[in-house]
Enquirer: 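Provided herewith is a single structure, encoded as structure tokens, for subsequent inquiry.
Note that these values count all heavy atoms, side chains included, but never hydrogens, waters or copies made by symmetry.
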Amino acid sequence: MYLAKIYVTYKPSILDPQGEVIKSALHRMDYAGVQTVTQGKYFEVKLQATDVDSATAETQSFTESLLINQNTETYRFDLSLVADEVDV
Amino acid sequence: MYLAKIYVTYKPSILDPQGEVIKSALHRMDYAGVQTVTQGKYFEVKLQATDVDSATAETQSFTESLLINQNTETYRFDLSLVADEVDV
Amino acid sequence: MTKVSKEMSPEQVRDSKIYLDWSLTQEEYELIVATLDRLPNFTETGIFSGMWSEHVSYKKSKPILKKFWSQNERVLQGPGEGAGILDIGDGQAVVFKAESHNHPSFVEPYEGAATGIGGILRDIFSMGAQPIAALDSLRFGELNNPRTRHLVDGIIAGIAGYGNAIGIPTVGGEIAFDDVYAGNPLVNVMAVGLMEKTAMQVGQAKGVGNSVIYVGAKTGRDGINGASFASAEFSSTHESDRSAVQVGDPFLEKLVMDTTLQAVREYADIIVGIQDMGAAGLLSSSSEMASKAGQGMTLNLDLVPQRETNMTPYELMLSESQERMLFVVKRGEEQAIIDLFETNDLDAVIIGEVTDNEQFILEFDGEIVADVPIDFLTHAPKQDLPMAVPARIKELSSKQYLPDMSDLKKTVLSLIAQPTIASKAALFRHFDSMVRADTVIKPGGDAALIRVRGTQKALAMTTDVNARYLYLDPLKGAQMAVAEAARNIVATGALPIGITDGLNFGSPDNPEVYYELDQAVSGINIMAKQLNTPIISGNVSLYNETDGRAIYPTPMIGMVGLLEDVTKATTIDFKNAGDVIYLIGETEASFNGSEIQKMQTGSIGGQLFDIDPTAELKSQRLVLEGIDQKLFASVHDLSEGGLIVSLLESSFAGNLSFQVTTNWLSHYLFSETPSRFLVSVPADKMSYFEELGGQYVTKLGLVTSDDDWQITTATETLAGSRAETKKIYQESISWQLKA
Amino acid sequence: MRAAVISFPGSNCDFDMLYALQDFGVDAQIISAKTNDLTNFDAIFLPGGFSYGDYLRTGAIARFSPIMSAVTQAANEGKIIVGICNGFQILTEAGLLPGQLLMNKNPGFICDEVLLTIANPDTAYTNTYNANEKILIPIAHGEGNYYADEATLDQLENNHQVVFRYADNPNGSARDIAGIMNEQGNVFGMMPHPERAVDPITGNIDGQGFFKSILSAILTKVTA
Ligand SMILES: Nc1ncnc2c1ncn2[C@@H]1O[C@H](COP(=O)(O)OP(=O)(O)O)[C@@H](O)[C@H]1O
Ligand SMILES: [Mg+2]
């Protein structure tokens with residue numbers, strides 16, 4: 001089984017209202033060193049696949065078709081092999 | 001300047017309804033290999049700090065006090081040194 | 001990314017004819033050259049293309065729009081400003097307008113719909129009015145299309161996401177499904193506001209030397225073709241360079257809204273004009289404010305708050321970043337306004353001034369980058385376009401469709417499951433319809449009703465249009481849209497007082513479409529005059545086509561009504577077993593374009609049945625009179641699906657059944673003859689009501705507390721379990737969305 | 001009784017709460033979350049809305065507003081603190097009430113009217129209702145799914161801190177919890193909106209008892 005960790009962020013030109021509000025909050029809380037904040041999404045997906053290549057292809061495919069919005073977001077991901085879990 | 005990449009996930013005991021919805025959607029879309037999906041948050045925070053230790057301490061501090069809710073969430077983060085940006 | 005590539009020279013603009021890609025015509029470009037008496041530079045060409053686009057200038061629709069009837073004793077502000085205004089007595093006024101966000105919502109359903117709500121609310125509060133409600137009018141393809149289901153989810157979530165957060169209740173709307181909208185959904189939104197007449201603001205930049213203040217969000221490349229637009233290669237690229245998507249921030253807009261209204265309350269004497277930045281952003285808001293006041297304006301673009309780096313003058317002017325407003329403030333008094341916004345954590349910056357030279361001048365990086373006559377810029381040459389009666393209409397058969405009545409029960413059960421008929425509660429339950437705690441009638445009735453706190457008054461509001469009718473006959477169909485909106489208003493007890501419209505059509509360059517537009521406007525006028533509901537604002541969305549196929553002509557009618565005594569508010573639900581059910585109005589064989597024709601044949605066709613404006617007014621007056629005299633326990637209008645659907649809806653809403661007998665043949669249950677209402681009357685008021693209604697009302701039967709409802713026609717008796725039927729009606733849409 | 005209704009940036013039920021309190025004759029006033037003094041008030045109301053856009057997490061950012069130290073102080077002094085909807089979310093984020101409000105079990109905002117059961121009629125918020133009485137109260141939220149660990153839930157039950165329960169759970173809340181109070185009983189939060197159910201013209205007055213209860217509780221305290 002593979003574990004895909006997928007990191008989704010806004011494209012640079014897209015307004016990120018959340019990031020701005022969090023940044024101001026950190027400043028009000030006296031974390032003065034904070035320069036920029038962006039908030040994105042983080043997915044962990046476990047999937048069965050015959051090999052890394054097919055796991056990679058599958059992750060890419062479902063990320064692009066469902067997890068992200070290609071108009072506004074970009075992503076990257078890591079894949080690792082993990083032990084099959086036995087559901088109890 | 002430091003770049004903190006912060007990954008926030010629900011604790012395992014917490015039901016993640018969004019993750020469930022995404023998993024069913026992926027199954028409907030014929031990604032049959034997908035076993036589990038969890039959705040978390042991903043932050044990129046740029047901060048000024050004198051050294052790695054203080055950057056680490058600061059990141060830990062604001063993440064625990066603001067970015068996560070310790071009842072239900074856990075986090076990990078990476079820090080890297082990045083070039084100061086010149087705003088034009 | 002590299003620094004913005006060098007802009008084209010005026011000669012390169014001319015030689016490459018890049019302006020054609022920006023949808024200026026050759027004649028328009030030549031007119032600009034002749035009027036300026038020189039070649040326009042890159043920025044100037046760009047701002048002409050923005051201001052002369054149909055979306056901003058209405059150059060193609062204006063000859064038709066100016067036919068709208070928009071004056072009566074209540075009108076304080078007709079078309080031409082951010083929104084129209086009507087007097088509602090006691091020194092108060094109601095402000096309303098509609099807006100379309102069709103294309104953005106197709107590309108990006110959540111943000112497209114969300115920013116639609118944000119934009120229409122700005123239109124309202126920029127007039128100095130407190131928004132009190134939002135409504136929508138949506139068109140999708142059929143629900144068996146997965147892409148459509150995705151659009152429905154995103155668009156509903158977008159309306160909810162913005163409206164709920166900013167705290168303006170979404171109280172009504174309408175949704176219909178037809179294949180013609182599959183590649184071109186319609187997202188129209190309407191907002192209603194309330195103000196003291198003395199607080200009225202207009203978008204004008206009077207007074208030479210007065211300051212132009214930019215307020216709200218920073219400017220990014222939202223809604224324009226991003227960096228590529230500024231580069232020489234632009235002409236070779238097309239859809240791939242999708243404009244950067246506009247993302248809405250309802251939190252910021254709430255601050256902008258509250259602070260703007262506070263400014264209007266506290267600094268009325270120093271604010272000269274307010275305008276929101278909508279289509280064509282800073283460009284249209286600034287130039288139109290100056291032009292309306294007969295003045296010029298100079299802006300220094302370096303001062304515009306910017307979210308992205310290296311933005312060009314063209315981009316700064318055309319950006320459609322959300323949550324921004326433009327104020328004109330008396331010279332020397334600016335600081336009070338700036339301070340007010342700053343205490344609420346908002347940017348407020350002086351970016352220019354009103355001048356007396358009637359020129360629109362832009363400075364950037366120490367240079368003058370545009371200098372053009374402002375009236376010329378804001379008045380695109382009008383175009384009179386040819387019209388032709390659509391071939392399809394000429395060929396329509398004059399015979400009315402005869403519904404198949406071989407299995408009446410099955411027909412009724414499938415009819416109420418049709419997505420256009422079934423309850424939309426699964427969708428509108430995502431909207432906060434009660435915030436502000438003034439909602440008297442929530443979604444699910446005919447019109448919504450919002451009380452005016454501190455008075456006995458309430459405002460009714462609705463959106464309506466059946467585009468299938470217009471497809472068969474744009475003139476009559478448009479009359480029916482106005483009539484139906486008014487019936488919904490009247491059913492609550494309110495008097496219809498005015499209209500805003502959203503004219504959604506295909507390409508006006510097609511003479512058949514232009515004809516539809518012309519006919520629709522005439523039809524709206526005919527019924528509006530009959531009902532004394534002037535058209536005080538509206539929106540035009542053209543070019544709604546995919547692969548050469550236009551949508552049905554869809555002029556959304558948004559209507560507002562005034563109820564003087566809110567305690568007389570009436571709802572659709574049956575209230576008491578034993579109340580007597582009546583039909584108001586006459587029923588004919590009206591089946592062409594009906595829901596039953598669509599359901600049974602898969603399409604619509606034949607000449608549309610008639611509407612009689614006199615009969616319409618008569619029905620409405622009778623209902624208003626009856627409500628005023630407290631004769632009715634419930635009132636519901638008849639529309640798609642006919643009598644059977646109204647009976648069932650009143651039954652479901654009240655959790656009571658009915659026992660009805662008519663001498664009709666069964667198929668008349670589905671007739672869509674306009675100008676009808678269903679009312680229930682307590683037994684002790686029966687004879688009085690029958691006297692009042694005379695020939696015009698027909699007794700149908702009784703409200704019962706049975707588990708089953710029952711109808712007897714000339715040929716058969718049909719009964720059904722209320723609980724089971726209600727479940728189908730309530731859940732059909734969710735089932736189809738989950739399919 | 002003097003009541004403060006706290007307006008956070010993004011609060012949108014602040015005026016609804018103000019008007020409801022005024023309907024019951026309470027001397028109520030909107031107080032900005034940017035101020036930090038509540039000494040003159042007997043009761044403090046945190047209204048519904050989307051404070052700071054509800055960005056990051058509901059209530060997460062509002063909890064660091066200047067006013068919150070005054071709210072905490074007032075809570076320690078035993079004053080009545082009421083959080084409705086977003087106000088409840090803020091109180092949990094601030095640790096003044098246990099647990100957290102998570103996303104609805106079926107993700108998405110819901111606006112509806114739901115039946116609540118009075119789980120504890122002997123509180124400052126329910127003393128005019130009967131035990132197990134059912135009342136119809138509006139809800140409007142996307143994150144109303146009450147979560148706390150089992151030990152905390154048991155403790156809430158044992159101390160009778162559960163004040164309202166859903167008769168038909170709309171959002172997945174643990175043990176059908178719709179509203180809770182702290183151990184002392186002076187800090188209270190609920191997701192449903194009683195302030196939307198006080199005026200007969202809007203068709204529902206089941207929320208009136210909530211306000212009457214608070215008034216009588218404060219009156220009793222003042223005269224005691
Ligand atoms: N998109 C929507 N948003 C909010 N309310 C809606 C929406 N669609 C339908 N409704 C509500 O559902 C009820 C029935 O709508 P509709 O079937 O269009 O009625 P009618 O045929 O009488 O115009 C109305 O109260 C309407 O406001
Ligand atoms: Mg109706």
Side-chain angles (χ1 to χ4, degrees), chain A residues 1-10 12 16 18-19 21-51 54-55 57-68 73-78 82 84-87, chain B residues 1-10 12 16 18-19 21-51 54-55 57-68 73-78 82 84-87:
Chain A
M1 182 130 72
Y2 292 87
L3 170 63
K5 295 181 176 174
I6 306 155
Y7 314 96
V8 178
T9 49
Y10 279 125
D16 172 15
Q18 307 218 42
V21 168
I22 297 168
K23 185 175 83 177
S24 327
L26 289 173
H27 286 172
R28 280 196 304 275
M29 292 163 73
D30 278 340
Y31 294 102
V34 171
Q35 305 284 304
T36 63
V37 180
T38 64
Q39 174 170 348
K41 293 177 190 148
Y42 169 58
F43 298 91
E44 290 186 353
V45 179
K46 286 193 187 144
L47 69 162
Q48 291 289 8
T50 44
D51 53 39
S54 74
E58 181 139 343
T59 304
Q60 211 157 348
S61 159
F62 67 65
T63 302
E64 288 178 11
S65 53
L66 186 72
L67 300 190
I68 72 158
E73 295 170 327
T74 55
Y75 72 104
R76 61 192 169 78
F77 67 95
D78 315 325
V82 292
D84 279 23
E85 258 165 52
V86 191
D87 264 342
Chain B
M1 182 131 69
Y2 292 86
L3 171 63
K5 294 181 178 175
I6 306 155
Y7 314 95
V8 176
T9 49
Y10 280 124
D16 169 18
Q18 262 177 323
V21 170
I22 295 168
K23 187 173 83 176
S24 336
L26 289 175
H27 287 171
R28 276 201 303 279
M29 292 163 72
D30 279 339
Y31 293 101
V34 170
Q35 307 282 306
T36 63
V37 180
T38 63
Q39 175 169 346
K41 292 175 189 153
Y42 170 58
F43 299 91
E44 290 186 354
V45 179
K46 286 195 186 144
L47 66 162
Q48 292 288 8
T50 44
D51 52 40
S54 73
E58 180 140 345
T59 303
Q60 213 157 350
S61 158
F62 66 67
T63 300
E64 289 177 10
S65 55
L66 182 70
L67 298 190
I68 72 161
E73 293 171 326
T74 56
Y75 72 104
R76 61 192 168 78
F77 67 93
D78 316 322
V82 292
D84 279 24
E85 257 165 52
V86 192
D87 263 342

Enquirer: To the nearest 0.5 angstrom, please state how far the NZ atom of B:Lys5 sits from the OG1 atom of A:Thr9.
Expert: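 Atom-to-atom, B:Lys5:NZ and A:Thr9:OG1 are 9.5 Å apart.
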Enquirer: Quick one: OH on A:Tyr42 to CZ on B:Arg76, what's the gap to the nearest 0.5 Å?
Expert: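 So the gap between those two atoms works out to 4.0 Å.
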Enquirer: Just verifying a value: how many Å separate B:Thr38 OG1 and A:Lys46 NZ, rounded to the nearest 0.5 Å?
Expert: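 Going from OG1 on B:Thr38 over to NZ on A:Lys46, the span is 8.5 Å.
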Enquirer: Indicate every side-chain donor-acceptor pair of residues 23-31 of chain B with a distance under 3.5 Å to a residue at least two apart or in another chain.
Expert:
unit_1  : atom_1 : unit_2  : atom_2 : d
B:Ser24 : OG     : B:Glu20 : O      : 2.8
B:His27 : NE2    : B:Val34 : O      : 2.8
B:Tyr31 : OH     : A:Ser61 : OG     : 2.4
B:Tyr31 : OH     : A:Ser65 : OG     : 3.4

Enquirer: Given a strict heavy-atom distance threshold of 4.5 Å, which part of A:Leu67 is in contact with chain B: side chain, backbone, both, or neither?
Expert: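 Interface part for A:Leu67: side chain.
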Enquirer: So which of B:Ala32, B:Ser54, B:Ala4, B:Gly40 has the biggest tally of heavy-atom pairs under 4.5 Å with chain A?
Expert: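 Most pairs with chain A among the choices: B:Gly40.
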Enquirer: When rounded to the nearest 0.5 angstrom, what is the spacing between CD in B:Glu44 and OH in A:Tyr10?
Expert: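 The distance works out to 13.5 Å.
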Enquirer: Quick one: pull up CD1 in B:Ile22 and NZ in A:Lys41 and give me the separation to the nearest 0.5 Å.
Expert: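 The NZ atom of A:Lys41 is 8.0 Å from CD1 of B:Ile22, to the nearest 0.5 Å.
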